[in-house]
J.: 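My structure is below; once you've seen it, I'll send some questions.
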Number of protein chains: 2
Amino acid sequence: MEAEGTVGKALDVLEQVAAAGRPVRFAELLATSPYPKATLYRLLQTLVAQGLVAQDEGGRYALGLRLVRLAHAAWAQSSLAPIARPWLDALAAETGETIHLAQLDQGQVVYVDKRNAARPVEMFAQTGKVGPAYCTGVGKAMLAHLPEEALLRALERQSFHRFTPQTLTTPAALRAELASIREAGHALDREEHEPGIICCAVPILSRSGRGIGALSLTSTTARSTLERLEAAADRLRAAAAAIGTAAEPWGFPG
Amino acid sequence: MEAEGTVGKALDVLEQVAAAGRPVRFAELLATSPYPKATLYRLLQTLVAQGLVAQDEGGRYALGLRLVRLAHAAWAQSSLAPIARPWLDALAAETGETIHLAQLDQGQVVYVDKRNAARPVEMFAQTGKVGPAYCTGVGKAMLAHLPEEALLRALERQSFHRFTPQTLTTPAALRAELASIREAGHALDREEHEPGIICCAVPILSRSGRGIGALSLTSTTARSTLERLEAAADRLRAAAAAIGTAAEPWGFPG
DNA sequence: GACTTAGTTTCAAATAATGGAACTTCATGA
DNA sequence: TCATGAAGTTCCATTATTTGAAACTAAGTC
């Protein structure tokens, strides 16, 4: 924490409210805040006045609906997600499996759209969720197509947690994996993030060759195998190529 | 525009980028900004540094993915939307029509979750989308259960636009409608917002009797009638009651 | 009714934001 | 080739906002 300028401080506080995951009292925030009582108090007042944070009758703070409005605008004006929609529909219908569309933001994977085989579109329940880049199919596919400098920055701020026995936990192992992903043209998640969950992902490249997102097909070891997912890689690649051609060249910054 | 404090100014700029609906150049923003060149420039720099705004290679500004992450957190920590999910699933399955869950934020309707009709139909509203309160079913259902003071504030900032011939365009007409909604226990949208679109909505009340959201069943005049939607009102009310009982008493502030 | 805990306000000092103007690119076309 | 201008960036003395220790209020608790 500790950010530059008043706006940065306000966002620190906002992020703290977000991290709590439930409505929190002032005292709870104060306990783990780097800011003194009066400062924290006024920052929260400002956030409430702006609608970024809401306060219940008991005075507890939670994230406000203005964020939901703004995120909808962000999604709608993106050059990737709205364009990709029909392709996700088609892939989900053809494969009967779960399809993810992801982008990279500050070194993390952000899922920006999804189709669940069983259920219809449910936006925020899944959209906006974040995950680690180094142990997901979409994450590795995007990292593999990041310029060296951006990759370094992304790896720097990463701490490698071993989610499963298969998780790659060193930069060296990851770099070797990224090289083979570039060669194969697709990335596999061999239960590296969650046991029983496997996935095949391809990068989405803009016309200028820059990575702007990734597309993945996810299944469970109970229902499918890596070989079967890999067999669908060409189908994914075709969709990714079409999306990349249609999209504005808006790169993911890492 | 023109807001209090540095945070408010930064959010003004953010909102301007959102309003554009597409990546915009600095000069475009400057043309309609109340802030001088240097100030606007530095506000944008700050927003970019914070990840709320992203910049493409051409230097154009668009909303950043950090907003999508934050909105997901807002959605997940809400005391309403996650709890309501199974009921939306059930209502959509039973009726085969579109179901919306909405909340009121600063006098506007914000759709926080939805289920699409089983039959292939175009999207009316995505999650996070906003709409007017005075001419939608969910909006009127919520306005009807707002305390007088909050209703006044909501009406004040409302300008009544006549979307269709059926739209109520005066505070007096709306107040009469709200009274009859309170009596009936549900609100109808008689093509007041979009021609051909009808809807029946019920308020979701917390255990303390406060309005915290609304639930609606939407259809088209081609496929159904107001009478048929109204017949499902009891089913909606039952779901709303269950959700309201399970939810934390977190009122909508108007 | 003294004592703790949670939240709110004050005000002089410290800090950050402001904005007019000057400067740097970069594209255009005479 | 070199003027012309449009778009974007930086400077810096001035100005306004933010800061935070401490005092204060309100609401429990024993």
Side-chain angles (χ1 to χ4, degrees), chain A residues 1-64 208 248-251 253, chain B residues 1-64 208 248-251 253:
Chain A
M1 277 198 200
E2 287 282 349
E4 293 292 292
T6 313
V7 175
K9 286 175 202 168
L11 286 171
D12 272 359
V13 174
L14 190 70
E15 209 71 62
Q16 222 199 315
V17 175
R22 62 193 163 76
V24 273
R25 316 207 132 281
F26 177 70
E28 281 186 76
L29 293 171
L30 183 60
T32 51
S33 176
Y35 304 114
K37 207 176 175 185
T39 302
L40 179 65
Y41 179 74
R42 268 166 302 129
L43 286 172
L44 281 165
Q45 294 286 329
T46 304
L47 290 170
V48 169
Q50 296 297 336
L52 297 185
V53 163
Q55 229 177 338
D56 68 6
E57 318 74 68
R60 292 180 311 174
Y61 298 96
L63 296 179
S208 59
E248 286 280 306
W250 179 278
Chain B
M1 277 196 201
E2 288 281 349
E4 294 291 293
T6 313
V7 175
K9 287 175 202 168
L11 286 170
D12 272 358
V13 174
L14 191 69
E15 209 71 63
Q16 222 198 316
V17 175
R22 62 191 163 77
V24 273
R25 317 205 129 283
F26 176 71
E28 281 186 78
L29 292 171
L30 182 60
T32 52
S33 175
Y35 305 115
K37 207 175 174 184
T39 302
L40 179 64
Y41 180 73
R42 268 169 298 119
L43 286 171
L44 281 165
Q45 295 286 327
T46 304
L47 290 170
V48 168
Q50 297 295 337
L52 297 184
V53 161
Q55 229 177 339
D56 69 5
E57 317 74 68
R60 292 180 310 172
Y61 298 96
L63 297 180
S208 59
E248 288 279 308
W250 180 279

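All values reported here derive from a predicted model rather than from experimental measurement. Lettering follows sequence order; numbering is per chain, from 1. Any value given below was found using the heavy atoms of this structure, including those in side chains, with hydrogens, waters and symmetry copies removed.
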J.: Hey, where on DNA chain C does chain B first and last touch, going 5' to 3'? Cut-off is any atom under 4.0 Å from a heavy atom.
T.: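 Here the contact window of chain B covers C:dA17 to C:dG20.
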J.: Give the rounded distance in Å between these two atoms: CG of A:Leu30 and P of D:dG20.
T.: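 Result: 12 Å.
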J.: Can you tell me if B:Tyr41 touches the phosphate of D:dT10, counting only side-chain N or O atoms and a distance under 4.0 Å to OP1 or OP2?
T.: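 B:Tyr41 to D:dT10 OP1/OP2: side-chain N or O found under 4.0 Å.
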J.: Should B:Leu52 and A:Leu11 count as side-chain neighbours, where that means a heavy-atom distance under 4.5 Å?
T.: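 In short, these two side chains touch, coming nearer than 4.5 Å.
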J.: Could you give the distance from NZ (B:Lys9) to CG (B:Leu43), rounded to the nearest 0.5 Å?
T.: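 Separation between the atoms: 7.5 Å.
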J.: Classify the nucleic acid contact of B:Thr39 as base, sugar-phosphate or nothing, counting any heavy atom under 4.0 Å across all strands shown.
T.: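 B:Thr39: base contact, heavy atoms under 4.0 Å.
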J.: Do A:Arg22 and A:Glu28 touch side chain to side chain, with heavy atoms closer than 4.5 Å?
T.: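 Result yes, sub-4.5 Å side-chain heavy-atom pair found.
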J.: Could you tell me if the side chain of A:Tyr61 sits less than 4.5 Å from the side chain of A:Asp56, heavy atoms only?
T.: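 No. Closest side-chain heavy atoms not under 4.5 Å.
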J.: What is the nucleic acid contact for B:Arg42, judged by heavy atoms within less than 4.0 Å: base, sugar-phosphate only, or nothing?
T.: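 Base contact - B:Arg42 has a heavy atom under 4.0 Å of at least one base atom.
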J.: Any donor-acceptor pair under 3.5 Å joining the side chain of A:Lys37 to the base of D:dG20?
T.: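 A donor-acceptor contact between them is absent.
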J.: Can you name the closest pair of heavy atoms from A:Leu47 and A:Leu14 and give their distance?
T.: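 Scanning both residues completely, I find the closest heavy atoms to be CD1-N, 4.0 Å.
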J.: Could you give the CZ-to-P distance, from B:Arg25 to D:dA6, as a whole number of Å?
T.: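 Going from B:Arg25 (CZ) to D:dA6 (P), I get 16 Å.
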J.: Looking at OH of B:Tyr35 and CG of B:Leu44, how far apart are the two atoms once the value is rounded to the nearest 0.5 Å?
T.: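 B:Tyr35 OH to B:Leu44 CG: 11.5 Å, rounded to 0.5 Å.
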J.: Rounded to whole angstroms, how far apart are CZ on B:Arg60 and P on D:dG8?
T.: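 It is 11 Å, rounded to the nearest whole Å.
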J.: For B:Ala38, report the nucleic acid contact type (base, sugar-phosphate, nothing); a contact means any heavy atom under 4.0 Å.
T.: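 Base contact.
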J.: Between A:Gly5 and A:Gln45, which residue's closest nucleotide on DNA chain C lies nearer the 5′ terminus?
T.: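 So the residue in question is A:Gln45.
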J.: Contact class for A:Gly59 (heavy atom, under 4.0 Å): base, sugar-phosphate, or nothing?
T.: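 The answer is nothing, as A:Gly59 stays clear of every strand by at least 4.0 Å.
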J.: Are the side chains of A:Phe26 and A:Arg60 in touch, meaning some heavy atoms are under 4.5 Å apart?
T.: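 In short, these two side chains do not touch, never coming nearer than 4.5 Å.
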J.: Quick check: on DNA chain C, is the nucleotide nearest B:Pro36 upstream (toward 5') of the one nearest A:Ala27, or the reverse? Name the residue that is more 5'.
T.: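 The residue closer to the strand's 5' end, by nearest nucleotide, is A:Ala27.
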J.: Where the side chain of A:Gln55 meets the backbone of A:Ala62, is there a donor-acceptor pair that is under 3.5 Å apart?
T.: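 No.
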J.: Taking five pairs at each end, how big is the angle between the two axes of the helix from C:dG1-D:dC30 to C:dA30-D:dT1, to 10°?
T.: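 If I round to tens, the end axes sit 30° apart.
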J.: Whole-Å distance between D:dT18 P and A:Leu44 CG?
T.: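 My rounded result for the distance is 15 Å.
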J.: Is the side chain of A:Gln50 donor-acceptor paired with the backbone N or O of B:Val7 at a distance under 3.5 Å, no angle test?
T.: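 Side chain of A:Gln50 to backbone of B:Val7, a donor-acceptor pair under 3.5 Å: no, none is there.
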